[in-house]
Amino acid sequence: MDKTTLAYWQEKAAALAIEGRAFIGGEYRPAESGRTFDCVSPIDGKVLAQVADCGEAEVNAAVSAARRAFEGGVWSGLNPRQRKAKLLKWAALMREHLDELALLETLDAGKPIGDTTSVDVPGAVYCVEWFAEAIDKVGGEVVPADHHLVGLVTREPLGVVAAVVPWNFPILMASWKFGPALAAGNSVVLKPSEKSPLSAIRVAQLALEAGIPAGVFNVVPGGGEAGKLLALHRDVDCLAFTGSTNVGKLIMQYAGQSNLKRVWLELGGKSPNIVLPDCPDLDRAAKTAAGAIFYNMGEMCTAGSRLLVHRDIKDVFLDKLVEAARGYIPGNPLDPNTSMGAIVDQLQLDRVLAYIEAGRAEAKLLHGGSRVQQESGGFYIEPTVFDVSQHNAKIAREEIFGPVLSVITFDSIDEAVKIANDSDYGLAAAVWTANLTTAHEVARRLRAGTVWVNCYDEGGDMNFPFGGYRQSGNGRDKSLHALEKYTELKSTLVRLR
Ligand code: NAD
């Protein structure tokens with residue numbers, strides 16, 4: 001059957017056997033309490049599966065299994081070359097199961113199948129491969145010291161790493177944690193979001209098949225309570241979190257209340273995309289600006305949700321932007337021709353619609369603004385554009401995490417930079433200009449972990465560290481710097497005589 005048709009993916013979806021149990025110590029098991037939660041597809045609002053609602057018993061069991069594996073050296077004690085081989089096998093198995101994993105991701109999170117097959121799952125595979133390939137090439141240092149000493153600086157795995165992740169890129173965000181953490185020799189307990197747990201549960205079995213020993217990689221699906229139990233756990237050495245800034249703040253508190261575990265936070269954003277009057281290509285900039293907010297239904301931490309446009313080009317630019325927005329038509333995510341899927345669940349749908357209502361009161365609606373496809377039973381919202389006169393209006397200040405763009409007008413570069421930096425967040429930013437000096441000067445002044453010049457969301461390459469300034473978090477995913485999060489530095493001083 002033809003993979004480019006809706007019928008193909010619908011047929012595959014109907015035949016899919018979905019696993020909903022936790023994966024602990026190398027086996028699937030239900031929650032001891034017998035509790036499950038409904039895993040609902042945002043495509044049609046129907047229940048896909050019952051998923052184990054993990055509580056204290058499962059979190060304790062997973063952390064114990066991870067600790068036993070770590071102390072036993074079955075993974076941490078391997079030559080990095082051996083870990084690399086098993087991780088590469090795991091990546092190969094994920095690639096073999098690419099369609100199945102992409103389908104789980106699409107059914108569970110409402111993401112277009114064209115994206116999950118080309119971005120989410122391949123991106124996760126690439127991440128595991130990249131860290132596998134890196135780990136037998138990075139070494140420690142022999143540092144200058146007194147003549148009678150040999151001084152070594154080495155990096156050692158931390159032990160048990162817990163990863164708590166969101167639903168917008170379920171397997172990809174998870175891989176940015178478990179890729180480097182496992183490569184460095186740690187054991188991992190992964191808690192996927194309760195809104196999108198299925199792909200994580202599935203890849204756990206593939207890890208075992210790849211020869212990653214039982215207990216090294218565990219998955220405990222559940223809600224915020226399971227995440228909290230991990231963050232408070234005294235035998236977890238590190239909590240790597242991606243999610244909202246509010247929950248990130250709690251995670252830091254939990255670490256302080258328990259064992260001061262290492263905490264790494266990848267949090268929210270309200271990223272500015274600045275178009276200067278000398279923008280080299282207004283057509284491309286407008287298309288890119290639309291993609292920056294409407295790709296993945298705006299459920300992007302780096303979403304270019306604040307579009308700053310110079311007054312001189314505003315009218316012509318907005319015409320082009322709205323034209324580009326019209327190209328995003330919410331549709332069935334299982335259709336390979338769909339570029340805009342469903343909002344992840346009813347809660348998020350209501351949240352986004354409430355922001356749109358707030359926007360109607362404080363800004364001028366230029367495009368969209370409505371829920372659509374209601375007859376499907378799923379959760380779909382049109383791409384929505386507001387012209388905002390006050391840059392600190394609610395919709396221009398708070399992270400919406402949906403397809404809602406605020407356009408803000410400015411008159412000078414200084415004003416644009418000031419508005420761009422006037423945010424609690426600092427995840428990403430972009431500037432469009434034909435002037436090289438302006439590009440570098442503005443890039444330097446923007447308080448953000450990633451700055452794009454004449455583009456947006458480029459850099460799928462694993463070489464770029466990813467993370468935020470300010471309340472967008474601390475630490476960086478991706479790149480060799482990510483290994484720093486999952487290792488301790490040790491100085492060893494050997495006296496020769
Ligand atoms: P969220 O903070 O609600 O949930 C994230 C995870 O934390 C989920 O697994 C959830 O179950 C868990 N959780 C909830 N309450 C908890 C608690 N009290 N203790 C421990 N864990 C708890 O975020 P979300 O709605 O899943 O994701 C959207 C957010 O994620 C947005 O703010 C987005 O910007 C951010 N995000 C950031 C990045 C990045 O790399 N910076 C990437 C993707 C998403």
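As the structure lists them, so they are numbered: ligands from 1, and atoms in each ligand from 1. From a predicted model like this one, the values you see are computed outputs, not experimental measurements. Numbers here simply count residues along the sequence, with the first being 1.
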*asked:* Regarding Thr302 and Asp457, do their side chains bring together a donor and an acceptor under 3.5 Å, going by distance alone?
replied: yes
*Scan side-chain atoms only and decide if Thr36 and Gln50 contain a donor-acceptor pair under the 3.5 Å cut-off.*
yes
_Under a plain distance cut-off of 3.5 Å, with no hydrogens placed, do Trp264 and Asp477 share a side-chain donor-acceptor pair?_
no
_Distance-only donor-acceptor check, side chains Glu398 and Tyr355, under 3.5 Å_ = yes
*Phe169 ring centre to Lys111 NZ or CZ under 6.0 Å, with the angle to the axis within 45°?*
yes
*Check each protein residue for a heavy atom under 4.0 Å from ligand 1 and list those that pass, ordered by chain and number.*
Val164, Val165, Pro166, Trp167, Asn168, Met173, Lys191, Pro192, Ser193, Glu194, Gly223, Gly224, Gly227, Lys228, Phe241, Thr242, Gly243, Ser244, Val247, Leu250, Ile251, Tyr254, Glu266, Leu267, Gly268, Cys301, Glu399, Phe401, Leu427, Phe466
*Parallel, tilted or perpendicular for Phe294 and Tyr328, by the 30°/60° rule?*
tilted
